[in-house]
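In what follows, a single structure is set out as structure tokens and then discussed.
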2 protein chains.
Amino acid sequence: MLPVTAITREDAEHCPVRSVLGTVNGKWQSLLILALEDGDLRFSAIKRLLGDISQRVLTENLRMLERDGYVTRTVTPGPPVAVSYGLTPMGRSMLETLKPMVLWAAENFSAVQKARLDYDQM
Amino acid sequence: MLPVTAITREDAEHCPVRSVLGTVNGKWQSLLILALEDGDLRFSAIKRLLGDISQRVLTENLRMLERDGYVTRTVTPGPPVAVSYGLTPMGRSMLETLKPMVLWAAENFSAVQKARLDYDQM
DNA sequence: CAGTATCCTTTACGATACTG
DNA sequence: CAGTATCGTAAAGGATACTG
């Protein structure tokens, strides 16, 4: 039986898969982890890299990732203060499971696009 | 540079990673693909398996997965009609990138829980 | 059985303005 | 620079009732 099975809403919180992956399945979370692959980045650098994320949501998402132990937050007093974010060992470990998905997405992009067109044409 | 970088909202739709993974990063999508690992299942069986998904949302999500080419939908006329869902080859291919994440989540559940407690205690 | 239809709540996200 | 505060919109999800 699947490890994701749950009957009640309360059980769902005790499901490891749901609980852990819950943090990662927003619009930005996995992209943020990927963004830190090559080393620490400052807040504004991350924002520039993703381009179309709002400041509010970026802060919010970085906090979630920090809370779950994927990301470190380092403040260098200023002014102006400099805050840089990086991956923890656990974040890097999670990244390794994320990368195959990114590759998969890149490789199967056209197939998915075709499937969508075919489906919409019916 | 990252393959996920995008500046404008329009560019984002042309980003393979965002476009492909966008379908998968809801609350249920990846769980649904996992649910079909061991073979086809009927609508009601999937619903029972997940337990706490509403009928409306289950239909909606299965349609999205069908549209993107991950899932097949087979109707056996009734009454009562029987509708079963299964993975396409592409769905099974996607599943293979999903499984490591599920394993990772199971293995790191307690570490994430501890990280959350530590963070909240500050 | 496998949906639709409808309504409602919650969550996510975005835009803008302001601050140490 | 790296936020916070506030407000508004949109998307996701849930509950319930109804149907071929």
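Here is how names work: the chains are called A, B, and so on, in the same order as the sequence lines, proteins then strands, and each is numbered from 1.
Rounding to whole angstrom units, CD of residue A/E60 and C1' of C/dC13 are separated by 8 Å. Here the P atom of nucleotide D/dA12 and the CG atom of B/D52 are 18 Å apart, to the nearest Å. If you measure from atom NZ of A/K27 to atom C1' of D/dA12, you get 14 Å, rounded to the nearest angstrom. The distance from atom CG of A/L50 to atom P of C/dG14 is 11 Å, rounded to the nearest whole Å. Taking atom CG of residue B/L62 and atom P of nucleotide C/dT4, one finds them 11 Å apart after rounding to whole Å. C/dA12 atom C1' lies 15 Å from atom CG of A/L58, rounded to whole Å. Taking atom OH of residue B/Y85 and atom P of nucleotide C/dA2, one finds them 8 Å apart after rounding to whole Å. Look at CG on B/N25: it is 14 Å from P on D/dA11, rounded to the nearest Å.
Classification of A/D52 and B/R18 as a salt-bridged pair holds, one side-chain N sitting under 4.0 Å from a carboxylate O. A salt bridge links A/D118 with A/K114: the distance from a Lys NZ or Arg NE/NH1/NH2 to an Asp or Glu carboxylate oxygen falls below 4.0 Å.
Candidate nucleotides C/dA2, C/dC13, C/dT4 were compared by shortest atom distance to the side chain of A/W28, and C/dC13 ranks first. Here C/dG3 is the nucleotide among C/dG3, C/dG14, D/dA2 with the atom lying nearest to any side-chain atom of B/F43. You'll find that the side chain of B/S44 is closest to C/dA2, out of D/dA15, C/dA15, C/dA2. Side-chain proximity of A/I53 to C/dG14, C/dC1, D/dG3: nearest is C/dG14. Here the nucleotide nearest the side chain of A/N61, chosen from C/dC13, D/dG3, C/dT4, is C/dC13.
For A/V81 and A/R63, each mapped to the nucleotide of DNA chain D holding its nearest heavy atom, the one lying further toward the 5' end belongs to A/V81. Residue order along DNA chain D, read from the 5' end via each residue's closest nucleotide, puts A/Q55 first among A/Q55 and B/Q29.
Put simply, the side chain of B/T23 reaches to within 4.5 Å of the side chain of A/R116, judged on heavy atoms. Taking the side chain as every heavy atom from C-beta outward, A/L58 and A/I46 approach each other to under 4.5 Å. In this structure the side chain of B/R67 reaches within 4.5 angstrom of the side chain of A/D120, judged on heavy atoms. The shortest side-chain heavy-atom distance between B/V20 and A/E107 does not fall under the 4.5 Å cut-off.
Under 3.5 Å, the side chain of A/R56 and the base of D/dG3 form no donor-acceptor pair of N or O atoms.
For the strand DNA chain D, secondary-structure stems (runs of at least three Watson-Crick or G-U pairs, all distances below 3.5 Å) span C:1-20 with D:1-20.
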Extract all donor-acceptor atom pairs below 3.5 Å that involve side chains of residues 92-101 of chain B and protein atoms in other chains or at least two apart in sequence.
from: B/R92; atom 1: NH1; to: B/E37; atom 2: O; distance (Å): 3.2
from: B/R92; atom 1: NH2; to: B/E37; atom 2: O; distance (Å): 3.3
from: B/S93; atom 1: OG; to: A/W104; atom 2: NE1; distance (Å): 2.7
from: B/T97; atom 1: OG1; to: B/M94; atom 2: O; distance (Å): 2.9
from: B/K99; atom 1: NZ; to: B/E37; atom 2: OE2; distance (Å): 2.9

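OP1 or OP2 of C/dG3 lies within a sub-4.0 Å distance of a side-chain N or O belonging to B/R73.
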